[in-house]
Novice: 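The structure follows.
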Number of protein chains: 2
Amino acid sequence: MEATLSVIGGRWKGVVLFQLLKGKKRFGELRRHLPNCTQRMLTLQLRELEEDGLVKRTVFPEVPPRVEYELTPFGHTLESILVGMREWGEKYKTRL
Amino acid sequence: MEATLSVIGGRWKGVVLFQLLKGKKRFGELRRHLPNCTQRMLTLQLRELEEDGLVKRTVFPEVPPRVEYELTPFGHTLESILVGMREWGEKYKTRL
DNA sequence: CAGCATCCCCATGGATACTG
DNA sequence: CAGTATCCATGGGGATGCTG
């Protein structure tokens, strides 16, 4: 339980992971999906997810720069939990 | 997603909720199951869970005092998520 | 037994500005 | 575009002691 929370418990990690469930996303795309998350925090959370091996970061040596984020196979093992959390929140958010 | 994390995202909430899935527990019992959680933190986390309507607190007017905690029906709606998180953690904790 | 009261620290996270 | 770099505020959480 503590292990799981250490991985998805960050302020924005759940949302980021859920977005990436849908497929690869560029940094800017993620930003648009997390309007309340600062650029700095998005970077930090992504770095932590990368360190935990849940997210893969790919840098394309282009100008302007392009960076894509995607779930690793390990990241995908969280899928059912993420979907469950998302559904629970959707269903009960008004009760909080 | 954010709603769900706001409810189970606390440092000890997941563990507390998981313990209560098994049934009613007294304060002291919970403490023994969370040896790394201070008494103060356990109290605080329980109060928050109570405020969110996930946990019911029953005080028995006895000497010495007895207080029991149990999941509300609303709390039980988290069951599948909690079990999922617990299983994921058990399976992958060594990878972290 | 099951707590509250205090004091305190530091990690988490926010705001803003700058850059290859 | 996709970040760093800095500075700063908040509050989550710890240690300790007291109590009905």
Side-chain angles (χ1 to χ4, degrees), chain A residues 1-20 22-52 54-71 96, chain B residues 1-20 22-52 54-71 96:
Chain A
M1 204 72 201
E2 297 179 62
T4 307
L5 276 177
S6 76
V7 154
I8 60 174
R11 178 80 181 77
W12 304 103
K13 287 185 184 177
V15 192
V16 170
L17 289 170
F18 189 76
Q19 289 301 324
L20 293 180
K22 303 173 191 166
K24 277 178 204 182
K25 288 219 161 27
R26 297 182 57 169
F27 186 79
E29 284 183 274
L30 287 172
R31 279 205 74 187
R32 284 187 285 283
H33 284 291
L34 288 95
N36 297 324
C37 178
T38 62
Q39 194 176 37
R40 183 184 114 94
M41 283 316 301
L42 181 54
T43 301
L44 289 176
Q45 303 274 296
L46 282 166
R47 290 293 179 285
E48 289 185 21
L49 292 171
E50 209 188 336
E51 273 182 44
D52 287 335
L54 301 170
V55 164
K56 182 182 165 201
R57 178 172 179 263
T58 310
V59 183
F60 295 86
E62 305 171 354
V63 178
R66 180 160 63 104
V67 179
E68 282 184 354
Y69 293 91
E70 61 187 315
L71 289 188
L96 307 175
Chain B
M1 202 72 200
E2 296 180 64
T4 307
L5 276 176
S6 76
V7 155
I8 60 174
R11 178 80 181 76
W12 304 102
K13 288 185 184 175
V15 193
V16 170
L17 290 171
F18 189 77
Q19 289 301 323
L20 292 180
K22 302 173 191 166
K24 278 179 203 179
K25 288 218 159 32
R26 297 183 57 171
F27 187 79
E29 285 182 272
L30 286 173
R31 280 205 73 188
R32 284 189 284 282
H33 284 291
L34 288 95
N36 298 325
C37 178
T38 62
Q39 193 176 37
R40 182 184 115 93
M41 283 316 301
L42 180 54
T43 300
L44 290 177
Q45 302 273 296
L46 282 166
R47 289 296 178 282
E48 291 186 20
L49 292 171
E50 209 187 336
E51 272 181 46
D52 286 335
L54 300 170
V55 164
K56 183 181 165 204
R57 177 171 180 263
T58 309
V59 182
F60 295 86
E62 306 171 355
V63 178
R66 179 160 63 104
V67 179
E68 283 184 353
Y69 293 91
E70 61 187 312
L71 289 189
L96 307 175

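In this text, all values refer to a predicted model and were calculated from it rather than measured experimentally. A, B, ... follow the sequence lines: proteins, then strands. Residue 1 opens every chain.
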Novice: dA2(D) P sits how many Å from Leu46(A) CG, rounded?
Specialist: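 Atom CG in Leu46(A) sits about 11 Å away from atom P in dA2(D).
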
Novice: I want to check something: taking the side chain as every heavy atom from C-beta on, are Leu42(B) and Gln39(B) in contact at a cut-off of under 4.5 Å?
Specialist: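 No. Closest side-chain heavy atoms not under 4.5 Å.
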
Novice: Walk me through it: do Gln19(B) and Leu30(B) pass the test side chain to side chain contact (heavy atoms under 4.5 Å, CB included)?
Specialist: CA-CA 7 Å; Gln19(B) 289 301 323; Leu30(B) 286 173; 3.9 Å; yes

Novice: Please say which of Leu49(B), Ile8(B), Leu71(B) ends up in a side chain to side chain contact (heavy atoms under 4.5 Å, CB included) with Val16(B).
Specialist: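 The passing option is Leu49(B).
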
Novice: Expressed as a whole number of angstroms, how long is the span from Glu2(B):CD to dG13(C):P?
Specialist: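 It works out to 12 Å between those atoms.
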
Novice: Using 0.5 Å steps for rounding, measure from the NZ atom of Lys24(A) to the NZ atom of Lys56(A).
Specialist: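 The NZ atom of Lys24(A) sits 7.0 Å away from the NZ atom of Lys56(A).
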
Novice: Rounding to an integer number of Å, can you tell me how far Gln45(B) CD sits from dA2(C) P?
Specialist: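 In whole Å, dA2(C) P lies 18 Å from Gln45(B) CD.
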
Novice: What heavy-atom pair brings Pro35(A) and Arg32(A) nearest, and what distance separates the two atoms?
Specialist: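 It is CD-O, 3.7 Å.
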
Novice: Enumerate the residues from residues 30-43 of chain A whose closest heavy atom to DNA chain C is under 4.0 Å, giving them by residue number; use none for an empty result.
Specialist: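 Going residue by residue through residues 30-43 of chain A, the ones with a heavy atom under 4.0 Å of DNA chain C turn out to be Thr38(A), Arg40(A), Met41(A).
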
Novice: Might you point out which heavy atoms bring Val7(A) and Lys13(A) nearest each other, and give the distance in Å?
Specialist: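 What the structure gives for the nearest pair is O-CD, 3.2 Å.
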
Novice: Can you tell me if Arg57(A) touches the phosphate of dG3(D), counting only side-chain N or O atoms and a distance under 4.0 Å to OP1 or OP2?
Specialist: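 Answer is yes, contact under 4.0 Å.
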
Novice: Has the side chain of Glu29(B) got a donor or acceptor atom that lies under 3.5 Å from a matching backbone atom of Arg26(B)?
Specialist: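 Flag set: sc Glu29(B) to bb Arg26(B) pair under 3.5 Å.
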
Novice: Whole-Å distance between dA2(D) P and Glu50(A) CD?
Specialist: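 After rounding, the gap between these two atoms is 15 Å.
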
Novice: To the nearest 0.5 Å, tell me how far Glu51(B) CD sits from Leu96(A) CG.
Specialist: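 It comes to 11.5 Å.
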
Novice: I need the residues from residues 61-71 of chain B with at least one non-hydrogen atom less than 4.0 Å from DNA chain C; give them sorted by number, or say none.
Specialist: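 Heavy-atom cutoff 4.0 Å gives Pro64(B), Pro65(B), Val67(B), Tyr69(B).
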
Novice: I'd like to know if Glu68(B) pairs up with Arg57(B) as an ion pair, taking the criterion as any Lys NZ or Arg NE/NH1/NH2 lying under 4.0 Å from an Asp or Glu carboxylate oxygen.
Specialist: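 Here Glu68(B) does not pair with Arg57(B) in a salt bridge, since their nearest N and O are not under 4.0 Å apart.
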
Novice: Go through Leu34(B) and Trp12(B) one step at a time and tell me if the side chain to side chain contact (heavy atoms under 4.5 Å, CB included) criterion holds.
Specialist: CA-CA 8 Å; Leu34(B) 288 95; Trp12(B) 304 102; 3.7 Å; yes

Novice: Which residues satisfy the salt bridge (charged side-chain N to carboxylate O under 4.0 Å, His left out) test with Lys25(A), sequence neighbours excluded?
Specialist: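 Residues passing salt bridge (charged side-chain N to carboxylate O under 4.0 Å, His left out) with Lys25(A): none at all.
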
Novice: For Glu62(A), which residues count as a salt bridge (charged side-chain N to carboxylate O under 4.0 Å, His left out) partner, sequence neighbours excluded?
Specialist: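 Salt bridge (charged side-chain N to carboxylate O under 4.0 Å, His left out) check on Glu62(A) returns Arg66(A).
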
Novice: Residues of residues 8-19 of chain A with any non-hydrogen atom less than 4.0 angstrom from an atom of DNA chain D: list those, numerically ordered, please.
Specialist: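 Correct list: empty, so none.
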
Novice: What's the CZ-C1' distance between Phe60(A) and dG3(D), to the nearest Å?
Specialist: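 Rounded to whole Å, this separation is 16 Å.
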
Novice: Please report the distance, rounded to the nearest Å, between CZ in Arg47(B) and P in dA2(C).
Specialist: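 Spelled out: CZ on Arg47(B) to P on dA2(C) is 12 Å.
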
Novice: Determine the minimum heavy-atom distance between Tyr69(A) and Arg47(A), stating which atoms define it.
Specialist: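 Shortest heavy-atom separation between Tyr69(A) and Arg47(A) comes out as OH-NH1, 3.4 Å.
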
Novice: So what is the end-to-end bend of the helix from dC1(C)-dG20(D) to dG20(C)-dC1(D), with 5 pairs used at each end and the value given to 10 degrees?
Specialist: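 One end's axis against the other's: 60°.
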
